[in-house]
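See structure below.
As the structure lists them, so they are numbered: ligands from 1, and atoms in each ligand from 1. Residue numbers start at 1 and run along the sequence shown.
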Amino acid sequence: MSHVELLEREMRAAARTITGCPLSTPAHAVMAEAGLMPVATRRDVLAAKLLAKAHALPEGDPLRAPSAPITICSDSQSALATLREGPASQKTLLGAAIWTELAALAGPSRRIHLQWVPSHCGVDGNERADQIAKEAAALPQAAVPVDVATAHRAAVRLTRDRTIAAWPEGWYRTLMENRLPPPAAAGDRSSAVDVHQIRAGHWSGSRQYLHRIGRNPSDDRRQCPDIDCAAGRCTLCREEADTPRHFFLRCPALMGWRLRRCGTIFPNPEDIRDDGEVAALAAAVRDLQSRTATPR
Ligand SMILES: [Zn+2]
Ligand SMILES: [Zn+2]
């Protein structure tokens with residue numbers, strides 16, 4: 001397993017924790033919900049960014065002085081740990097390539113320190129590098145043979161497009177067209193989890209979903225993916241599967257709720273893009289479900 005794959009696995013585990021999405025949710029949807037781009041695509045962006053910063057250093061910059069020790073800061077502990085194992089222990093082409101660059105940079109006598117820094121903590125050098133990159137972008141184009149800032153932006157855009165293209169089809173993706181899901185702005189942790197799960201299409205408040213993954217067995221079957229299966233029918237209206245789309249657009253039991261929230265009993269899909277609406281719907285459904293489940 002390559003280091004990128006290892007990192008990918010760690011990031012996915014983190015994304016599941018952040019979003020509260022269950023294991024059955026596709027990796028891509030969970031990553032998108034957590035606002036994380038896949039590691040393999042982020043690698044390209046980081047490479048472009050570092051290159052941009054290196055190219056943007058002016059002549060006479062202390063970092064270009066031939067003998068001063070070089071400190072390389074990174075906010076990635078795992079990347080630093082991997083590099084610290086030394087040139088002979090690198091198991092990936094990327095790791096080996098970085099070590100080749102480090103050796104060329106150090107020459108025979110220069111020391112290089114690899115230093116971990118928390119991300120966005122206002123470290124002087126980092127702020128300065130950002131500043132320099134910005135200034136470089138503002139220079140007249142004739143003075144800059146390679147417009148690195150533009151190259152960097154292009155890499156970011158490309159990565160974003162690739163990420164969106166690989167985002168699996170689903171009702172929420174259709175709703176968002178070519179945008180990635182925004183961070184869940186819903187109030188507390190449990191409503192944020194509801195928002196992430198609903199948008200990722202794996203919501204634990206849906207009986208149809210639970211039946212599909214085997215956590216809501218019916219009398220005759222442990223689980224099935226059939227959208228028309230009786231075990232997955234909405235407990236409020238019994239008309240069809242209790243998918244998010246059903247609650248948002250069709251369920252008669254939520255007509256009054258939709259009228260109050262959206263001013264119509266048949267809202268357009270665009271009216272329910274907002275997380276506030278998603279969170280409010282989840283709360284309304286859970287409330288109605290618990291009331292209908294209470295024996296009286
Ligand atoms: Zn079934
Ligand atoms: Zn219903």
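Vertex the Zn ion (ligand 1); arms to Cys229 SG and Cys224 SG; angle rounded to 10 degrees, 110°. The Zn ion (ligand 2) lies at the vertex of an angle of 100° between the SG atom of Cys237 and the NE2 atom of His246 (rounded to 10°). Between the SG atom of Cys234 and the SG atom of Cys251, the angle centred on the Zn ion (ligand 2) amounts to 110° when rounded to 10°.
A distance of 11.0 Å separates CG in Leu83 from OG in Ser89, rounded to the nearest 0.5 Å. Here the NE2-CZ distance, from His202 to Arg212, works out to 5.0 Å after rounding to the nearest 0.5 Å.
For the pair Arg233 and Arg238, the tightest heavy-atom approach, listed with the atom from each and the gap, is CD-O, 3.1 Å. In plain terms, the two heavy atoms of Trp203 and Tyr209 that are nearest each other are O-CD2, 3.0 Å.
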